[in-house]
Amino acid sequence: MGLYVYRAIDDEGTVHQGRMPAVSSRELESRLLGSGLELLSARQSHTFSAFRFKVTARDKIAFCLHMETTLKAGLMVTDALQDQVEGADNGHFKDAISAIAQAVREGTSLSTAMASFPGMFDETFIGMVRSGEESGRLGETFEKLGKNIRWQEDLASQLKKLLLYPAFTITVLLGVTAFMLLYLVPQLADFIISMSGGELPLQTRMLLGFSEFLQQYWWAVLLAPVLLVIGGLILLRLGGHAAHTKLDALKLRIPVLGGIIQKILLSRFCAMLAMLYESGLPVIQSIGTARDAVGNRSLAQSIDRVIDEVEAGKGLTDAFSSVSLFPNLMIRMIRIGETSGEIDKGLRNVTDFYNRDIDEDIGRIQAMIEPALTLVLGAILAWLMMAVLGPIYDLLAKIGT
C-alpha cells in the first residue's frame, strides 16, 4: 500500500489533482473510475509509507471514540469511516482512513483493510476489530480499544513524570559543576595556590586536577557518551534478538525503577489479555496477542513458555505457575477466575491492584527524589567550598600560631 499523487479528468473535461492510497496504479485507476474520473497520470509519493507511518496515541483515541459513537448510533461502517476522513486533521492518517473506507466499500472487511497499515494499527488492534466484527459488537470493541489506549498513555505519562524531575535536576547540577570547573576554578587557581603557603589539601588538589583535566579534554568528556550510545546500538544490532532480550531483562533489574517497570508491563499484559479474552478470542491467541503488546522481549520469552504449557494441555493457573516471573497475586487471581469461569474479571482485578501499586510507588519515589538530590547537591557544594576555602583557613591558622 502506497500513496499516489494523481491527475484525472471528469466527464466535463475538468482536471482534478489529488492523493490517494492504493496497492497499485491499476487499483488507483479502478477507484478513480468508480468516482467518475479517468486517470491521466500518477506517481507514487516517497514521503509516505503505509508500512512505516505511525500515528500518535491521540489520533488513535480520537479515531476509536468517533467509531464507537457513530457505530453505536447505528451508522454503517463505511459511513463512519467517511465521517472520520472528513474530520481528520492528520493528512497521512486521513489518506490511510480514506483507503480503508474505499476497501470496505469494495467488500473487504474492516480488520483486513486495517491490516494493510501495520505501522498504524498493530496486531492487537486488528485482532480486536476482527473479533468485534465476528461478534457483531464493533462499537463496544472500539470503546474498549479507546479506553485501553488512554490507560496505556496514562501509565507512560506517570513514568515520564517520575523521570523528568531528576533528569532536569541532574542536568542543571552537571551544568553548574561544569561552569565552576571550566570558568570559576581557573580564575581562583592562582589565588588559592598563592594563599596556601605550602602543600595544598587533598580536596583542593582534586578540584584543581579535575578542572585542568576538563579544560584540556572537554571534547573527550562530551564525545564519550555519544560513542557509548553508538557502540551500544552497534552491539545491539550485531547481537540481534539475544542482545535485545538481555537489555530488556536488565531493564527489569534496575534498582527501584525495575520493579515499577515490571509492574507496568504485567499490568499492561493482564489488561490486554482480559480485553482479548472477553472479546471471544481463543485463549492461546489472546495470550500471544497480549504478549506482542508487552514491549519487553524478556517478559515475552516467559509468556512464550506459558503458551507452550497451555498447548501441552495444562490449565492457565499451572501454566503461569511454571514460570517464576509471574507473582503469586496474578496466579491466585487467575486460579479464582479459572474456577469461577471469569478469567477476564480476575485479570482486571490484577490490573487494578497493580495500577494502585504503581501510583503509590511513583508517589513514594517522587517524595524521596527531591531530598535525595538536595543532599547530593549540598554535598558537592560543600566539597567545592572546602576545596576553595581550605587553603585559606590553613594559612590563617598558621598566621594565628
Side-chain angles (χ1 to χ4, degrees), residues 1 21 50 53-157 267-282 285-286 288-290 292-295 344-345 347-348 351-352 355:
M1 184 77 71
F53 175 68
K54 295 182 179 180
V55 297
T56 63
R58 183 178 179 181
D59 289 328
K60 286 185 179 180
I61 292 170
F63 174 73
C64 289
L65 178 61
H66 176 84
M67 293 299 291
E68 172 202 344
T69 304
T70 51
L71 291 175
K72 285 185 176 181
L75 269 70
M76 299 292 290
V77 173
T78 51
D79 295 332
L81 289 171
Q82 188 59 41
D83 285 345
Q84 178 68 30
V85 171
E86 295 172 359
D89 297 326
N90 188 317
H92 291 306
F93 188 52
K94 181 177 181 177
D95 291 331
I97 298 301
S98 176
I100 292 171
Q102 181 63 32
V104 173
R105 278 193 291 269
E106 294 172 358
T108 306
S109 67
L110 179 59
S111 57
T112 303
M114 286 181 170
S116 300
F117 296 85
M120 185 179 300
F121 303 106
D122 56 28
E123 292 183 7
T124 303
F125 200 104
I126 295 167
M128 285 290 297
V129 172
R130 184 177 295 113
S131 175
E133 288 176 318
E134 293 172 356
S135 64
R137 297 186 298 177
L138 200 52
E140 296 178 14
T141 298
F142 277 109
E143 180 183 5
K144 293 176 184 176
L145 284 168
K147 288 181 179 179
N148 184 264
I149 296 171
R150 281 193 293 269
W151 170 73
Q152 292 195 41
E153 281 299 293
D154 289 340
L155 284 181
S157 69
S267 178
R268 180 185 301 169
F269 172 73
C270 290
M272 189 66 65
L273 181 56
M275 185 174 63
L276 293 168
Y277 184 83
E278 186 184 16
S279 299
L281 268 69
Q285 183 182 350
S286 297
T289 306
D292 296 335
V294 165
D344 53 322
K345 185 176 180 181
L347 290 169
R348 280 196 294 270
T351 301
D352 293 338
N355 287 345

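Residue numbers start at 1 and run along the sequence shown. Computed from a predicted model, the values in this text were never measured in an experiment.
- Put simply, the side chain of L81 reaches to within 4.5 Å of the side chain of M67, judged on heavy atoms.
- K147 contributes atom NZ, which lies 4.0 Å from atom CD of E143 (distance to the nearest 0.5 angstrom).
- Nearest heavy-atom pair, I126 versus A115, reported as atom, atom and distance to 0.1 Å: CD1-CA, 3.5 Å.
- For the atom pair CD1 (I149) and NZ (K144), the distance works out to 14.5 Å, reported to the nearest 0.5 Å.
- Taking each heavy atom of N148 and A271 in turn, the nearest pair found is ND2-CB, 4.3 Å.
- For the atom pair CG (D79) and CG (L71), the distance works out to 10.0 Å, reported to the nearest 0.5 Å.
- T351 is not listed as a side-chain neighbour of F269, based on a closest heavy-atom distance of 4.5 Å or more.
- Counting heavy atoms from C-beta on, the side chains of I97 and I100 come closer than 4.5 Å.
- Using a 4.5 Å heavy-atom threshold, the side chains of L65 and F142 count as separate.
- The CZ atom of F125 sits 5.5 Å away from atom CZ of F63, with the distance rounded to the nearest 0.5 Å.
- Side-chain atoms of L273 and C270, non-hydrogen and from C-beta on, never get closer than 4.5 Å to each other.
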Task: Step-by-step side-chain contact (heavy atoms from CB on, under 4.5 Å) determination, L145 to V129 - done: CA-CA 9 Å; L145 284 168; V129 172; 4.1 Å; yes
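- Atom CZ of R130 sits about 10.5 Å away from atom CG of L110, to the nearest 0.5 Å.
- Side chains of S267 and N355: a donor on one and an acceptor on the other come within 3.5 Å.
- A salt bridge links D344 with R348: at least one charged nitrogen is closer than 4.0 Å to a carboxylate oxygen.
- Salt bridge E68/K72: present, at least one basic N to carboxylate O contact under 4.0 Å.
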